[in-house]
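Note that these values count all heavy atoms, side chains included, but never hydrogens, waters or copies made by symmetry.
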Amino acid sequence: MDRILADDFVLVTGRGKTQNKADLLKDARSKATIYEHQEDSNQKVRVWGDTAVVTALLWAKGIEEGKPFEYKLWFSDVYVRTATGWRYTFAQASLPLPKENAMTEQATKRSAQYCCPIVELRQYTLHPEKRDAFIDLFDRQFVESQEAVGTRVIGQFRDHDDPNRFVWLRGFRDMPSRAQALQEFYGGPVWKTHREAANAAIVDSDNVLLLRPALPTSGFPLESRERPPIGAREIPKGLLIATIYYLSAPAELGFVEFFTDTVEPIFTGAGAHVLAYFVTENSANNFPALPVREGEHVLVSFMRFDDEEAYERYLAALSRSQRWRDQGSDELTRRLKRAPEVFKLSPTPRSLLRA
């Protein structure tokens, strides 16, 4: 410790107490605290030149002044490279986290508010002037019949810029339930009755991305939403913007963190509401009768706006953002394999997801 700690080292605890190098050495030599167990998890290391930051979740257990303790807390440590090696210069710790049962209960409750662990983003190319009839058929026949076998029909949309494109999203609890639900639906009576009419409108239905939420709370918040009844005709107001970011490597290798910490706050500051974002689900397609795009790494974000004018105001604000120019735009371009795809989507009358 004496060798690694910088002479001007400072530790700030979650309760605001500070300790210096001498304090830590004295505590260690006195054996006032005896550690039976110390373990880091969720560790990340970021290096900027001669500075490195380590963050992790610490699990510690032991005896302090004769009393047992056990806790988990998050910490951030700063190291600086010197002529004689790395030195530990600064540390900051959180308060101890709630006990495991409480943490698990809270996490489960938060996750339950979001849909769904597995999501298909499906883009259909339709024959000219067939989209409205196809949407009417879909909204009447293919919503409740899919949900009856365990599929969540999340949303159906018209593409503003392509009159022949229909985009929709459906979700599943997991990959095994996806295979079972698809087998039951496509082998069931509703699809068999209406498949000829549906297929007659479709030019291509193979443009499908298999996704999962990038974070436990980055899925669609749908629990409080009610779907309009069969026969609804009113087209919902609002605009949904879906953006597909194409990556050279899995999004988990730094891009999700960059999007969450840098890009999303800039978008929000310019007036967007980032509704959800997903990354590639790398499981093998377990229903091969319906192809999905494989071998790609993407992050797909969904933003909502009141109308197209609100979206245009957002784009103008983003173009004026100094932070976007300094921290976002060029760095985002550098991280992408190719230019992102952006879709302006309008919900159909019975879409559960709407702007």
So, taking the atom named CD in Gln123 and the one named CG in Asp159, what distance separates them when rounded to the nearest 0.5 Å? 8.0 Å

Side chain to side chain contact (heavy atoms under 4.5 Å, CB included) between Leu182 and Phe172, worked out: CA-CA 10 Å; Leu182 295 180; Phe172 307 90; 3.9 Å; yes

Charged N to carboxylate O below 4.0 Å: is that the case for Asp206 and Arg293? no

Distance under 6.0 Å and angle within 45° of ring axis: Arg335 vs Phe258: yes

Between Tyr71 and Trp59, is a side chain to side chain contact (heavy atoms under 4.5 Å, CB included) present by the stated rule, with each step listed? CA-CA 6 Å; Tyr71 58 79; Trp59 171 27; over 6 Å; no

Is there a path of hydrophobic side-chain contacts, each under 4.5 Å between heavy atoms of I/L/V/M/F/W/Y residues, joining Leu210 to Val167? no

Asp174/Arg178 ion pair, N-O < 4.0 Å: no

Rounded to the nearest 0.5 angstrom, the CG-CG distance for Asn285 and Leu290 is 7.5 Å

Note: Glu296-Lys337 ion pair, threshold 4.0 Å (strictly below): no

Angle class for the Tyr124/Phe134 ring planes (parallel below 30°, perpendicular above 60°, tilted otherwise)? perpendicular

Quick one: does any side-chain atom of Ser218 pair with a main-chain N or O of Leu215 as donor and acceptor, under 3.5 Å? yes

Do you see a donor-acceptor pair shorter than 3.5 Å between the side chains of Arg350 and Gln156? no

Ignoring hydrogens and geometry, is there a side-chain-to-backbone donor-acceptor pair from Ser30 to Asp27 under 3.5 Å? yes

Give me the ring orientation class for Trp191 and Phe142: parallel if the planes are under 30° apart, tilted from 30 to 60°, perpendicular past 60°. tilted

Does a salt bridge link Arg81 with Asp50, judged by any charged N lying under 4.0 Å from a carboxylate O? yes

Any salt bridge between Asp306 and Lys237, counting N to O under 4.0 Å? no

Side chains of Tyr277 and Thr260 only: does a donor on one sit below 3.5 Å from an acceptor on the other? yes

Salt-bridge present (Asp162, Lys344; N to O < 4.0 Å): no

Report the relative orientation of the aromatic rings in Phe305 and Tyr314; use parallel for angles under 30°, tilted for 30 to 60°, perpendicular for over 60°. tilted

For residues Ile244 and Val256: do they belong to one hydrophobic cluster (side chain heavy atoms under 4.5 Å, members Ile, Leu, Val, Met, Phe, Trp, Tyr)? no

Can you tell me how far the CD1 atom of Ile118 sits from the CD atom of Glu281, to the nearest 0.5 Å? 4.0 Å

Quick one: does any side-chain atom of Thr82 pair with a main-chain N or O of Thr84 as donor and acceptor, under 3.5 Å? yes

Spell out, as yes or no, whether a donor-acceptor pair under 3.5 Å connects the side chain of Lys21 to the backbone of Asp2. yes

To the nearest 0.5 Å, how far apart are CG in Leu126 and CG in Asn164? 7.0 Å

Please answer whether the main-chain N or O of Met175 pairs with a side-chain N or O of Asn286 as donor and acceptor at a distance below 3.5 Å. yes

Inspect the surroundings of CD in Glu129 and state if more than 12 heavy atoms from other residues, nucleotides or ligands are less than 6.0 Å away. no

When you check the side-chain N and O atoms of Gln180 and Glu184, is any donor under 3.5 Å from an acceptor? yes

Check this for me, if you would: do Glu309 and Arg313 make a salt bridge, where the nitrogen-to-carboxylate-oxygen distance has to be below 4.0 angstrom? no

Tell me if a side-chain donor or acceptor on Thr280 pairs with a main-chain N or O of Val298 at a distance below 3.5 Å. yes

Hey, is the main chain of Arg354 close enough, under 3.5 Å, to the side chain of Ser351 for a donor-acceptor pair? no

Cation over ring, Arg338 on Tyr246, under 6.0 Å and within 45°? yes

How long is the span from the CZ atom in Phe166 to the CG atom in Leu345, to the nearest 0.5 Å? 10.5 Å

Please answer: with hydrophobic residues joined when any side-chain heavy atoms are less than 4.5 Å apart, are Leu239 and Met303 in the same cluster? yes

Students often mix this up, so state it plainly: with edges at 30° and 60°, are the rings of Phe278 and Phe220 parallel, tilted or perpendicular? tilted

Could you check if a side-chain atom of Asp23 sits within less than 4.5 angstrom of a side-chain atom of Phe9, using non-hydrogen atoms only? no

Among Tyr88, Trp48, Trp86, whose ring-ring contact (aromatic ring centres under 6.0 Å, His included) with Tyr79 holds? Tyr88

Output the distance between atom CG (Leu57) and atom CG (Asp40), rounded to the nearest 0.5 Å. 8.5 Å

Backbone N or O of Val153 within a donor-acceptor pair of the Glu147 side chain at under 3.5 Å? yes

